[in-house]
Amino acid sequence: MPELPEVETTRRGVAPVLEGGRIAAVQVRERRLRWPLPPGFAAELEGSRILTVGRRGKYLLIGTDAGTLLLHLGMSGSLRIVTAAAAPGPHDHVDVLLRSGRCARFNDPRRFGSLHLVHGDPLAHPLLRALGPEPLTSAFDAAYLHARTRRRRVAVKQLLMNSAIVVGVGNIYASEALFHAGVAPGRAAGRLSHAATARIVAAVKRVLRAAIRSGGTTLRDYVNADGDPGYFRQKLYVYERAGEPCRRCGTPIRQRRQGQRSTYWCPTCQR
DNA sequence: AGTGCGGCCTGTCCGC
DNA sequence: TGCGGACAGGCCGCAC
């Protein structure tokens, strides 16, 4: 996905348009998302007022007086603000049309994204209930990460991508954060020193904040609410740089498969 | 309980 | 030019 910086960038872009708006209609062109949209999904939302646009991990939480719309962008999704009259293109699966004439348009080529309408406390929903802390809060600190890594044999990079440990960190930012922390991605989580976990926590926060400032990373599909790409790709140190010189020491960046995902690291800067 | 893997989709790229 | 296979930002659900 869209990892946390891309979702947060989207949230910031759509919130000023959606908050306070009244939903005139919801148009569903493709129900077969990660979880099929149930019949009546659109009708339940029509006529309701949007109150808030929040985020939990990589989920957008669009709070309305008819319930909370949970939106996940999956691997390839985006949520754009367009005018209601704008002609839909390929993979424009769902439109939320406002009485103002604006429209929030969900596009997702791979359809790994999802939408749920949740009644009651959205944080109690099964998809959100077991999520770990937000990385940009004080709940994610060295003591926490060190405690959660004990007796874990899994590689630290896979642990960082586990949303029960910390939310919002995907394949790009896990690799980038470990570079900045100076920790090799294959290190067993349970053997990390307290100092190493402290460096990892600081690096995760730093990388995510910097990526948000750049509007996220666009590899191919991701665009923000205005349809613009993110610019953090230029600031990546290791991701998708296999064979290219490390920007710090010049050693060629290495790549390998780890848990069926590509991992990138500098064998000199990361131990 | 922790770990590893299959599967969900479309699109692109690479080698033959 | 066509075709098969690998791969791509995620993550649930299952077997062990």
Side-chain angles (χ1 to χ4, degrees), chain A residues 1-10 29-37 55-60 70-79 89-94 106-116 125-132 135 147-178 185-191 204 207-208 211-212 214-224 229-236 238-243 255-264:
Chain A
M1 130 176 49
E3 305 182 34
L4 186 147
E6 293 74 35
V7 179
E8 178 62 18
T9 299
T10 297
R29 297 186 194 83
E30 177 58 83
R31 316 192 81 88
R32 295 173 301 166
L33 304 179
R34 166 124 204 217
W35 289 279
L37 288 178
R55 181 187 57 74
R56 177 74 176 101
K58 300 176 187 173
Y59 289 88
L60 281 177
L70 284 191
L71 169 63
H72 197 293
L73 298 176
M75 287 265 240
S76 57
S78 63
L79 185 70
H91 313 304
D92 282 339
H93 303 313
V94 178
F106 173 63
N107 177 286
D108 185 9
R110 288 175 74 181
R111 286 195 273 126
F112 284 0
S114 65
L115 285 164
H116 288 86
H125 189 275
L127 290 170
L128 304 188
R129 200 170 41 208
L131 292 180
R148 293 298 304 267
T149 55
R150 292 311 89 182
R151 279 191 289 277
R152 300 289 294 259
R153 283 179 296 178
V154 73
V156 59
K157 192 243 184 182
Q158 287 167 270
L159 184 104
L160 277 182
M161 292 174 64
N162 180 345
S163 63
I165 302 293
V166 61
V167 295
V169 182
N171 206 34
I172 297 177
Y173 299 114
S175 283
E176 290 298 306
L178 287 172
R187 288 267 301 276
R191 294 175 163 270
V204 165
V207 166
L208 293 179
I212 291 170
S214 295
T217 302
T218 295
L219 298 179
R220 55 172 309 101
D221 298 303
Y222 173 75
V223 290
N224 67 16
Y231 297 102
F232 195 68
R233 191 175 189 175
Q234 301 151 234
K235 297 179 181 156
L236 298 176
V238 291
Y239 188 81
E240 278 200 332
R241 296 196 64 244
Q255 172 182 12
R256 74 179 180 98
R257 304 288 292 174
Q258 203 178 11
Q260 290 147 275
R261 310 299 296 276
S262 276
T263 292
Y264 302 83

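We name chains A, B, ... by the order of the sequence lines, and we start the count at 1 in each one.
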Chemist: Check this one for me: any side-chain N or O of A/Arg34 less than 4.0 Å away from OP1 or OP2 of C/dC12?
Modeler: no
Chemist: Over 60° means perpendicular and under 30° means parallel, so classify the ring planes of A/Phe232 and A/Tyr173, tilted if in between.
Modeler: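 Aromatic pair A/Tyr173/A/Phe232 classed tilted.
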Chemist: For C/dG9, does OP1 or OP2 lie under 4.0 Å from any side-chain N or O of A/Arg261?
Modeler: yes
Chemist: Give the rounded distance in Å between these two atoms: CD of A/Gln258 and C1' of B/dT3.
Modeler: 14 Å
Chemist: Could you tell me how far apart A/Leu4 (CG) and C/dC11 (C1') are, to the nearest whole angstrom?
Modeler: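 So the CG-C1' distance, A/Leu4 to C/dC11, works out to 16 Å.
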Chemist: Across all strands shown, which nucleotide pairs with C/dG4 by Watson-Crick or G-U wobble geometry, both distances under 3.5 Å?
Modeler: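 B/dC14 - that is the nucleotide pairing with C/dG4, both distances being under 3.5 Å.
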Chemist: Rounded to whole Å, how long is the line connecting atom CG of A/Leu73 with atom C1' of C/dC11?
Modeler: 14 Å
Chemist: Are any of the side-chain heavy atoms of A/Tyr222 and A/Thr9 separated by less than 4.5 Å?
Modeler: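 When only atoms from C-beta onward are counted, A/Thr9 and A/Tyr222 do touch, with a gap below 4.5 Å.
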Chemist: Does any non-hydrogen side-chain atom of A/Val7 lie less than 4.5 Å from one of A/Leu60?
Modeler: yes
Chemist: Using whole Å, what does the distance between atom C1' of nucleotide B/dT3 and atom CD of A/Gln260 come to?
Modeler: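 For the pair A/Gln260 CD and B/dT3 C1', the rounded distance is 12 Å.
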Chemist: Could you give the distance separating B/dC8 and C/dC3 at their P atoms, to the nearest angstrom?
Modeler: 23 Å
Chemist: Please measure how far the C1' atom in B/dT3 lies from the corresponding atom in C/dG9, and state the result in whole Å.
Modeler: 23 Å
Chemist: Using whole Å, report how far CZ of A/Phe112 lies from C1' of C/dA8.
Modeler: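 Whole-Å distance recorded here is 10 Å.
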Chemist: Return the nucleotide paired to C/dG9: Watson-Crick means purine N1 to pyrimidine N3 with N6-O4 or O6-N4, wobble means G-U with N1-O2 and O6-N3, both under 3.5 Å.
Modeler: none
Chemist: Does A/His91 make a side-chain N or O approach to OP1 or OP2 of B/dC9 shorter than 4.0 Å?
Modeler: no
Chemist: Using 4.0 Å as the upper bound for N to carboxylate O, is an ion pair formed by A/Glu240 and A/Arg233?
Modeler: yes
